[in-house]
Amino acid sequence: MKKRDKTGKEPKDEKSVKVAGNEKTLKDLLSAKSAPKKRKIMIGIRAKLLSAFALPVLFVILLGIISYSQTANSLQKLYKDSTMQILGKTEEYLEILLLEVETTAYDLSQDKDLIAYFSGTAEGGVDFSYVDTKMKSFLGTNEYVENGYFIAINGGEHISTNPEIAFGADAFSKFEASKDYVEVMARNRKVWLGESEFLSSYRPTPENYYDNRILTFVRRVDNVLTGQDVGFLILEVRNSVMNSTLEEINLGENSTIVLIAQDNVEIAKIEEYPETAEAQIIASGNAYKKMQQGVDKSGSFNLIYGGKDYWMCYYYVGDIGNSIVGLIPKATMMEQANEIKANTIMIVIVLAVLMSVIATVIALNMGKSIQNILKGVQQAAKGDLTVEIKTKSRDEFVLLCNGVNDMIAEMKDLITKVSEGAGQVDHAVDKVGNMNTRVYEVADGISVAISQICDAAENQEEGAKNCLKNMDDLSEKLTSVAENTEGIQTISNGVKQLVSSGINIMEELNTSSEKTNENLSEIVKEIEELGNAIADINQIIQVITEVADQTNLLSLNASIEAARAGEAGRGFAVVASEVKKLADQSLVAADQIGNIIDKIQGYSQVVLRHAEQTEKVLISQKSAVNNAVGAFKDMDENLERLTENIDGIVTQTQAIPRAKESAMDAIQSISSAIEENTAATINISDDIGKQKEQVEELAVCADKLKTVSERLKVAISQFIIDGEEKN
C-alpha cells in the first residue's frame, strides 16, 4: 500500500538515493562499481627475477672484463719482459760470438808474417804458401769462423780458405767496385755484412736468394809501421752457428727473430724469409728507422705488418751497429689472455643460462601460486565467498593464501551479519509501514468523528437559539395572559405544543450529547492505541539504530580487511563504503522517525487534553439539558392545571418571571456549553490535521528507509556465501 504525501498524492516509484549530495540510481552505482579501471604497465615476476639474476651476471661480466684487461696487461708486460730478457741473453751470446770473430780478425791483422808478405818486406822463408797455410791453420780451429779471405791491394795474390772460391789477379778491383768496399770504407776500419756482394759474385747462382746470406766481417788491414793499407780481411761466420742460435730463440708462435747487420741485410730462419730478395721483414719499415734514430741499446715498438698488429723488440749487439730484432704478433702475446677471455665468456654463458633456468623455475612456481591466489581473489571480488585458495608452495605463499582465506572468511561472516541486519531492517520497515497505515486510518476515523461532532454542535446551537426564541414568545404570551384571560385556552394549547417541541429538542440535544460523549470515548481509545503504536515504533527504531550501528562497525572491519588486501580488496572497500553510507542513512532516517513520533506524542497529549475538556463540557451540557427537560415538564403540568383551574393561572403567572429567568439562564448555559464544545472540536480537528501531516511525513521516511533496505539487499545479493546467491 502506497502512502500519500502532504499534498495527498502518491509518491513516484523511484529507486534513487541521494549519495553525497548527488542523485544516483542503483544501476549507476553498480555500473560505477563494475566500471573498468585504467590498467598500468605490468612487469612480470619472471622479468624481475631475470633482471635480478642478470645483475650478478653483469658483475661477473664486468669482473671478467676487468680481469681480462688486467691479465692481458700483465701477460703483455710479462711477455715483453721475458722476451726482452731472451733477446738480452741472445745479444750477450751474439756479442761474445761476434767479439770472438772480431778478435780473430784482429789477431790475423796483426800477424807480422802476413803484413810483411803483403807489404813486400817479408824475410826469407816467408812466402805466399807459408802465409796461406798459416791463415788456414789458424782459422781451421775456430768454431765460429767457417771461411776466411784476404784480398791484397798489391801483388795480385789473395788468400781463400774456401776451396770453392779462387781469386784471380783482378780480385781487388772487383772488391773495390763492390758494396763491401763502400761499407768498410764508410766505417773506417771494419763492418759487419749480412751478405757479401763481393763473395757472392764468386759463388754459383743459388737456388734461393738467401743461400748467400752469411754473416760476414770485413776488416781493413794496414801496416802499422808504414801506415799503408795492405789489404782487406774477410771472415764468414758459420751458418750452423747462426742457424742454431736463431732456432734456439723462441718468442712464441708465429714470432720472427731477425739479425740485422750493419748493411741492413736481414738474417733469419729459412722459413721466415720473404718470397723475394727485395722484400724485407723489418729493415724497410718505419719502426726500424725509428729504432736507428734512437740512442738506447734496447727498446720496443708497435707496428702493423702484413695487415696484423705486431710488437717489435730489439737489442743492439755490441757497439758496431748489428741488432737482434724480434717480431711478435699481438695475438700470440694475447693467446693466454684470450684463453682466459674464452673461459670467462663460457662461464658467463653457463652462469646466464643456469640463472635463467633457475629464475624461470622460480618465476613459474611463484606465478602459479600468484595465479591461484589471483583467481580466488577475483572470484571473491565477483561475490563468490565460497572460494578457497590452495597452493603447493612451502614458502610465504602458504601464509599469503591463509591470510586471503581468513579475509574471505571474515568477509563471509560480515556479509552474513549484514544480510541478517538487512532482513531486520526490511521487517522493521514493513512493520513501520503497517503501523503507519493504521495510524493514518485512525486519524481518518478521528477526523470523521470530529466532523460529526461539529455537525451536532451546530444543531445544538440552532436548538438553543430556537429555545431562546420560544422562551421569548412564551414570555410575551404569559404577559398577554394577564391582560386577556379569554385567550388563555388558546395560548395554553400553543404553549403546550411549544413545550412538547422543546421537550423533543431537549431529547435530541441529550441524544447528541451522548453521541458526542461516545465519540470522545472512541477518540480517547484511538489516541491510547496510537500511543501504543508509537511505543512499538520506538522499539523498532531502537532495533534499526542497533542494526545500523552493527552495520557501521562491520563496514569499518570490512574497510580494514580490504585495506590489508591491497589492490585485490578495493572491490570490498567499495562495498564496505556503500554499506557504511546505508548504515548512516538508516541512523538519519531513524532519528527523523523518532522526531516525528515525538511530535505525534505531543499532539496526542494535546488532543487528549482537549478531549477531556470536551467530556467535561458535555457532562455540564447534559446536566443543563436535563434541567431544561424538567422545566419543560413542569411547564406541561402547569398548563394542564391551567386548563383545569383558571384560577391557578394568576398564581402561576406570578411565578412566570422567575421561571423565565431560570429558563433563560439554562438556555444561556446550554449555548455557552455548545460554543465551548465547538471551539474544542475545532482545536481537536486542527490537532488531527497536524497529526495526519506527521503521519504522512512518517510514510515518506518509511519509503526512504524501504529504498535504503532494497539497496542494501541488492548490494548483499552480489555475494555468494553458501553456494547460493543471496537475495
Engineer: So, the side chain of Asn595 versus the backbone of Asp591: is there a donor-acceptor pair under 3.5 Å, distance only?
Structural biologist: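 Yes, the answer is positive, given that a donor and an acceptor are paired below the 3.5 Å cut-off.
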
Engineer: Locate the shortest heavy-atom distance separating Cys701 from Gln592; write the atom from each residue and the value.
Structural biologist: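 Looking at all heavy atoms of both residues, the closest pair is SG-OE1, 3.6 Å.
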
Engineer: Determine whether a donor-acceptor pair (N or O, by modelled atom type, separation under 3.5 Å) exists between the side chain of Ser577 and the backbone of Ala573.
Structural biologist: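 Flag not set: sc Ser577 to bb Ala573 has no pair under 3.5 Å.
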
Engineer: Using 0.5 Å steps for rounding, measure from the CD1 atom of Ile389 to the CG atom of Leu374.
Structural biologist: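 It comes to 9.0 Å.
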
Engineer: Given side chain to side chain contact (heavy atoms under 4.5 Å, CB included), test Asp309 with Asn302 step by step and report yes or no.
Structural biologist: CA-CA 7 Å; Asp309 292 333; Asn302 294 320; over 6 Å; no

Engineer: Apply side chain to side chain contact (heavy atoms under 4.5 Å, CB included) to the pair Lys77 and Asn73, showing each step before the final yes or no.
Structural biologist: CA-CA 6 Å; Lys77 186 176 183 304; Asn73 294 333; over 6 Å; no

Engineer: Checking Ile600 against Ile537 for the side chain to side chain contact (heavy atoms under 4.5 Å, CB included) test, could you report, in this order, the C-alpha distance in whole Å, the side-chain angles of both residues, the deciding distance, and whether it holds?
Structural biologist: CA-CA 12 Å; Ile600 291 173; Ile537 293 173; over 6 Å; no

Engineer: Report, as yes or no, whether the 6.0 Å neighbourhood of atom NZ on Lys80 holds more than 12 heavy atoms from other residues, nucleotides or ligands.
Structural biologist: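 It does: Lys80 NZ has more than 12 such atoms within range.
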
Engineer: What side-chain donor-acceptor pairs closer than 3.5 Å can you find for residues 52-67, not counting sequence neighbours?
Structural biologist:
{"residue": "Ser67", "atom": "OG", "partner": "Leu63", "partner atom": "O", "Å": "2.7"}

Engineer: Write down the atom of Thr545, the atom of Leu587, and the distance for their closest heavy-atom approach.
Structural biologist: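 Taking Thr545 first and Leu587 second, the nearest heavy atoms are CG2-CD2, 3.7 Å.
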
Engineer: Could you list the residues that satisfy side-chain contact (heavy atoms from CB on, under 4.5 Å) with Ile347, not counting sequence neighbours?
Structural biologist: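 Result, side-chain contact (heavy atoms from CB on, under 4.5 Å) vs Ile347: none returned.
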
Engineer: For Ile541 and Gly594, which heavy atoms make the closest approach, and how far apart are they?
Structural biologist: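 Where Ile541 meets Gly594 most closely, the heavy atoms are CD1-N, 3.6 Å.
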
Engineer: On a heavy-atom basis, which atom in Lys330 and which in Trp311 lie closest, and how many Å separate them?
Structural biologist: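 Taking Lys330 first and Trp311 second, the nearest heavy atoms are CG-N, 4.5 Å.
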
Engineer: So, Ser555 side chain and Thr551 main chain: donor-acceptor pair closer than 3.5 Å or not?
Structural biologist: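 Not confirmed, Ser555 side chain does not pair with Thr551 backbone.
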
Engineer: Mind jotting down which residue pairs meet the salt bridge (Lys or Arg N to Asp or Glu O under 4.0 Å) criterion with at least one end in residues 544-563? Sequence neighbours excluded, please.
Structural biologist: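 Checked against salt bridge (Lys or Arg N to Asp or Glu O under 4.0 Å) - neighbours excluded - the pairs reaching residues 544-563 are Glu561-Arg564.
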
Engineer: Supply the atom-to-atom distance Ile349 CD1 to Leu354 CG, rounded to the nearest 0.5 angstrom.
Structural biologist: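 Spacing of CD1 (Ile349) from CG (Leu354) equals 13.5 Å.
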
Engineer: Nearest 0.5 Å, what's the CG-CG distance between Leu554 and Leu414?
Structural biologist: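 So the CG of Leu554 and the CG of Leu414 are separated by 5.0 Å.
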
Engineer: Can you name the closest pair of heavy atoms from Gly252 and Tyr79 and give their distance?
Structural biologist: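 Heavy atoms of Gly252 and Tyr79 come nearest at CA-OH, 3.2 Å.
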
